[in-house]
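Worksheet: the structure to be examined is printed underneath.
Small disclaimer: the values here were computed from a predicted structure and weren't measured. Proteins come first, then strands; the chains are lettered A, B, ... in the order of their sequence lines, and each starts at number 1.
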Amino acid sequence: MKRTHNATELDVNSIGQEVILNGWVDTRRDHGGLIFVDLRDRSGLVQVVFSPEVDQNSFHLAEGIRSEYVVAVKGEVRARPAATENPNLKTGKIEVYAVSMEILNKAKTPPFYIEDNIDVDESLRLKYRYLDLRRPEMRDNLILRHKVIKSMRDYLDGQNFVEIETPILTKSSPEGARDYLVPSRVHPGEFFALPQSPQIFKQLLMVSGLEKYFQIARCFRDEDLRADRQPEFTQLDIEMSFIDEDDILQLIEGMMVKVFKDALARDIKNPFPKLTYDEAMLKYGSDRPDLRFDLEITELTDLVKDVEFKVFSSAIAAGGVVRGLNAKTCGSFSRKEIDELVKIATDNGAKGLAWIIVAEDELKSPIIKFFTPEHTKAIIEALEAQPGDLLLFSADNENVVAKVLGILRLEIAKRLSLINEEELNFCWLIDFPLLEFDPDESRFVAVHHPFTSPKEEDIELLKTNPAKCKARAYDLILNGVEIGGGSIRIHQKDLQEKMFKTLNLGSKEIKDKFGYMLDAFEYGAPPHGGVAFGIDRLVMIMTNRPSIRDVIAFPKTQNANCLMTAAPSEVSPKQLRELQLRTRDK
RNA sequence: GGAGCCGUGGUGUAGCGGUUAACAUGCCGGCCUGUCACGCCGGAGAUCGAGGGUUCAAAUCCCUUCGGCUUCGCCA
């Protein structure tokens, strides 16, 4: 009995037709003389009625079926009797009267309910992921993901891009995340690395003259996991030649408009606003600011540089800054709530958190006694404080202050429910620094990656003041999540070599690790640039999920295990021998 | 590597030194011809994540360990 229809294809227009459905028993309601079964397939549910008056055989079979049995049902579509329609069901106006049924397979009772909004330990869902994915919301997440990717492919194909695959077995590179390594059997003692991104390959495709490349690329990074980080994840990887920043930004905005239209039927406005890195760090304390709410951070350094309060003055004397955040209406916070904010601050690297409650006719604060009335007045004015507000202050080096107040800004927004979950707020972050100093390695490291071009006018700074050098890089931020980023690349050998040297890579290492790229740049490398999107994160936002695990079919746990397959696992001595590998005793 | 939360019938919870380990749901059986969270009656199902300790007595207190989640570090 092969299906003639999907469950939800049936509606009042199908009344009178004989149809065959294939699917799973969702629920069965046995009334003794009449049995109702909700039949589920990928499309949804339809009610099947088993009546002995219609068919004795299938009625008796239906007495024995259970949840998740796989069945084929032939039956007649009828209108439901008056007052028995179910408005909650897409097919609620009709039902199928079974004239015959075949049980295609039995099923054990599943370990959790096959329905939306279940509350079970995630480890159970991951162990039985194939059952978890039967749940409509998970199925819909995967279908939405498919639509997003298809929309991207269609868009880029329409813009004359060529989809090209690059190697999964590739070369380990020194910069960036920890590599996943694959031992080479043919070359004992040598290893491939799985790509952290197809970065160099896509640039070389530009040297090859492909001009417009994209790929739905799996990337691998052996770092610790988070709700939005898996060791393998999927990027939409794009690279183009003979373009500048604006070409890419426009291309991507057009793509986002199409993707949201195709996948969610939502219209988004463009152009997206642009924010410089410096401005974002100052006002929002983050390089991925959530702009769905205001709560801007205020610079107070000049204003408070000669106050008596040691915490402020010594931070400033040490080259740091003092900034404030007006948590509007939070003056009613209890001491406990304020202490929680202080803990968040210290957990994120602050030494403490100063605060002032602005009451109707007084200021409550442990620090106010250190301020002159003039200072107090100036602070109140700078933060536009009103009675009922809570003012938070952080004093430290610039990075710590920005981070701490940025996190508190998000925390306050959460507590005050300032975030409209329906909103889609895109912005571009531009003018990133090219490099930052890594005190652990006591050298500069690339903020984006070492192939990012410095701004033309800043190239000289590479020698004199690398920290001040800006990059031709841009990130796309959606609701406070970095969903994509890219840059105009270096395409000249000399500049690329200079960049590597600024990163303190030795000549030999440069030659060993990147020699092939530098060689390529000597054979007519066009100016080029590109961008990459985190598809998992984008789909996570589109589906309103708290974790990318919910939009990946078979994700890993926080321990980087697959609970379903029990990977990773030991391998046989034979396999190790062939690879000339020996594991150390535990 | 650090911090926090969680772990009790299949599932979700309650119990927090002495209980016959409770409740809901699911499961099994019976009844039921208009349900859709079907209803009613009955039943089975737990060595309380694992190991050790304290105690006359441990699901409950302590230690260790395992697993899941969140997070800091890490993630060009």
Side-chain angles (χ1 to χ4, degrees), chain A residues 26-39 45-54 59 63-64 66-68 78 80-89 91-92 95 97 108-115 117-128 131 173-179 195-197 199-200 219-231 233 343-344 346-349 403 407 432 434-436 438 440-441 443-452 471 473 482 485 487 499-500 503 505 513-514 532 534 546-547 549 556-559 561 563 566:
Chain A
D26 194 76
T27 50
R28 167 177 162 278
R29 294 175 292 279
D30 186 342
H31 287 241
L34 198 63
I35 297 170
F36 300 98
V37 166
D38 290 336
L39 189 85
L45 296 179
V46 67
Q47 174 162 281
V48 179
V49 185
F50 293 89
S51 165
E53 288 160 18
V54 176
F59 177 79
E63 288 179 312
R66 293 293 181 266
S67 288
E68 302 307 316
R78 295 192 196 169
R80 291 200 187 192
T84 67
E85 293 181 357
N86 184 348
N88 301 321
L89 227 52
T91 55
E95 56 198 358
Y97 267 76
K108 287 166 73 172
T109 303
F112 49 83
Y113 305 112
I114 309 297
E115 62 188 32
N117 301 314
I118 56 170
D119 179 25
V120 296
D121 197 286
E122 191 163 349
S123 57
L124 202 63
R125 291 174 52 203
L126 291 170
K127 181 172 177 192
Y128 298 96
L131 296 179
S173 64
E175 298 288 291
R178 196 177 292 115
D179 283 322
Q196 298 178 26
S197 90
Q199 183 60 36
I200 297 176
C219 305
F220 306 85
R221 295 176 191 177
D222 187 3
E223 299 292 349
D224 285 348
L225 290 81
R226 290 286 187 281
D228 62 354
R229 266 164 40 190
Q230 285 271 310
F233 60 100
K343 179 155 194 319
I344 290 170
T346 53
D347 283 351
N348 284 284
K403 180 180 174 189
I407 287 169
F432 277 85
L434 183 72
L435 302 157
E436 67 184 342
D438 180 342
D440 291 339
E441 297 194 44
R443 66 176 183 106
F444 281 95
V445 295
V447 168
H448 190 57
H449 58 51
F451 317 109
T452 298
E482 181 203 325
S487 62
M499 180 70 180
F500 286 143
L503 296 173
L505 297 183
K513 302 294 183 179
F514 301 112
S547 163
R549 291 188 302 277
K556 308 274 187 292
T557 68
Q558 186 153 67
N559 261 333
N561 288 114
L563 293 182

Between the protein and nucleotides 8-15 of chain B, which nitrogen or oxygen pairs come in under 3.5 angstrom?
residue, atom, partner, partner atom, Å
B:rG10, O2', A:P111, O, 3.3
B:rG10, N2, A:Y113, OH, 3.0
B:rU11, O4', A:P111, O, 3.4
B:rG12, OP1, A:D121, N, 2.9
B:rG12, O3', A:D119, OD2, 3.4

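- A:V447 comes within contact range of the sugar-phosphate backbone alone, with a heavy-atom separation under 4.0 Å but no base atom that close.
- Across the protein-nucleic acid pair, A:D347 atom CG and B:rG4 atom C1' stand 9 Å apart, rounded to whole Å.
- For B:rC75, the base has no donor-acceptor partner in the side chain of A:R221 [N/O atoms by modelled type, under 3.5 angstrom].
- Across all strands shown, B:rA58 forms no Watson-Crick or G-U wobble pair with both key distances under 3.5 Å.
- With both ends at atom P, the span from B:rC41 to B:rU19 equals 30 Å, rounded to whole Å.
- Closest approach to the A:R549 side chain among B:rG34, B:rU33, B:rU70 is made by B:rU70 (side chain taken as heavy atoms from C-beta onward).
- The interatomic distance linking A:E223 (CD) with B:rC72 (C1') rounds to 14 Å, in whole Å.
- Here B:rU35 presents its C1' atom at 16 Å from CZ of A:R78, a figure rounded to the nearest Å.
- Rounded to whole Å, the P atom of B:rG15 lies 11 Å from the corresponding atom of B:rG7.
- A:R229 has no side-chain polar atom (N or O) that falls below the 4.0 Å cut-off from OP1 or OP2 of B:rU71.
- If you check distances only, the side chain of A:D224 does reach the base of B:rG73 with a donor-acceptor pair under 3.5 Å.
- Taking atom P in both B:rC38 and B:rC28, the straight-line distance is 14 Å, to the nearest Å.
- When both distances must be under 3.5 Å, the Watson-Crick or G-U wobble mate of B:rG29 is B:rC41.
- The interatomic distance linking A:N559 (CG) with B:rU70 (C1') rounds to 14 Å, in whole Å.
- As a whole-Å value, the separation of A:N117 CG from B:rU25 C1' is 16 Å.
- Looking at A:D38 and A:R29, a side-chain N of the basic residue comes within less than 4.0 Å of a carboxylate O on the acidic one, giving a salt bridge.
- On the P atoms, B:rC27 is 37 Å away from B:rC66, given to the nearest whole Å.
- Where A:G33 and A:P546 each meet RNA chain B at their nearest nucleotide, the meeting point lying more 5' is that of A:G33.
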Contacts under 3.5 Å, N or O only, protein and nucleotides 36-42 of chain B:
residue, atom, partner, partner atom, Å
B:rC36, O4', A:R29, NE, 3.1
B:rC36, O2, A:Q47, OE1, 3.4
B:rC36, O2, A:N86, ND2, 3.1
B:rC36, N3, A:R80, NH1, 2.6
B:rC36, N4, A:R80, NH1, 3.1
B:rC36, N4, A:T84, O, 2.3
B:rC38, N4, A:D30, O, 2.3

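- You won't find any donor-acceptor pair under 3.5 Å spanning the side chain of A:E122 and the base of B:rG67, going by distance alone.
- Judged as a ring pair (Phe, Tyr, Trp, His ring centres under 6.0 Å), and not counting sequence neighbours, the contacts of A:F514 are A:F451, A:F500.
- Using a 4.0 Å heavy-atom cutoff across all strands shown, A:S197 reaches at least one base atom of the nucleic acid.
- Taking atom CZ on A:F36 and atom C1' on B:rC32, their separation rounds to 12 Å, with Å as the unit.
- For the P atoms, the distance from B:rA50 to B:rC74 is 38 Å, rounded to whole Å.
- Under the rule for a side chain to side chain donor-acceptor pair (under 3.5 Å), A:K403 has no partner lying at least two apart in sequence or in another chain.
- Under the rule for a side chain to side chain donor-acceptor pair (under 3.5 Å), the partners of A:S487 that lie at least two apart in sequence or sit in another chain are A:T452, A:R489.
- Among the protein residues, A:L503 comes within range of no part of the nucleic acid, since none of its heavy atoms lies under 4.0 Å from any strand.
- Residues passing the salt bridge (Lys or Arg N to Asp or Glu O under 4.0 Å) test with A:D438, sequence neighbours excluded: none.
- Residue A:E68 contributes atom CD, which lies 14 Å from atom C1' of B:rC27 at whole-angstrom precision.
- Remark: the A:R226 side chain and the B:rC69 base include no donor-acceptor N/O pair separated by less than 3.5 Å.
- Between atom CE of residue A:M499 and atom CG of residue A:L505 there is a gap of 9.5 Å, rounded to the nearest 0.5 Å.
- Here, B:rU60 and B:rA22 have their C1' atoms 15 Å apart, quoted to the whole Å.
- Salt-bridge formation is detected for the pair A:E122/A:R549: a Lys NZ or Arg NE/NH1/NH2 atom is positioned less than 4.0 Å from an Asp or Glu carboxylate oxygen.
- Residues satisfying the salt bridge (Lys or Arg N to Asp or Glu O under 4.0 Å) test with A:R125, not counting sequence neighbours, are A:D132, A:D550.
- Residue contacts for A:E53: at a heavy-atom cut-off of 4.0 Å it reaches a base atom on one of the strands shown.
- B:rC6 and B:rU11: their C1' atoms are spaced 16 Å apart (whole Å).
- Checking B:rG7 for Watson-Crick or G-U wobble geometry (two distances, each under 3.5 Å) identifies B:rC66 as its partner.
- With hydrogens and angles ignored, the 3.5 Å screen pairs a side-chain donor or acceptor of A:R221 with a backbone N or O of A:Q196.
- Residues satisfying the ring pair (Phe, Tyr, Trp, His ring centres under 6.0 Å) criterion with A:F36, sequence neighbours excluded, are A:H31.
- Note on A:Q558: a side-chain N or O is less than 4.0 Å away from OP1 or OP2 of B:rU70.
- Under the salt bridge (Lys or Arg N to Asp or Glu O under 4.0 Å) criterion, A:E223 pairs with A:R178, sequence neighbours left out.
- Side-chain nitrogen and oxygen atoms of A:R66 include at least one within less than 4.0 Å of the OP1 or OP2 phosphate oxygen of B:rG29.
- Remark: the backbone N or O of A:T557 is not paired with any side-chain donor or acceptor of A:N561 at under 3.5 angstrom.
- Taking atom CG of A:D228 as the reference point, atom P of B:rC74 lies 16 Å away to the nearest angstrom.
- A salt bridge links A:R28 to A:D30: one of the charged nitrogens lies within less than 4.0 Å of a carboxylate oxygen.
- Across all strands, A:E95 comes closer than 4.0 Å to base atoms (heavy-atom distances).
- Of the P atoms belonging to B:rC63 and B:rU47, the separation is 26 Å, rounded to the nearest Å.
- Counting any heavy atom pair closer than 4.0 Å across all strands shown, A:K127 reaches no nucleic acid atom.
- A:T557 has a side-chain polar atom (N or O) that falls below the 4.0 Å cut-off from OP1 or OP2 of B:rG68.
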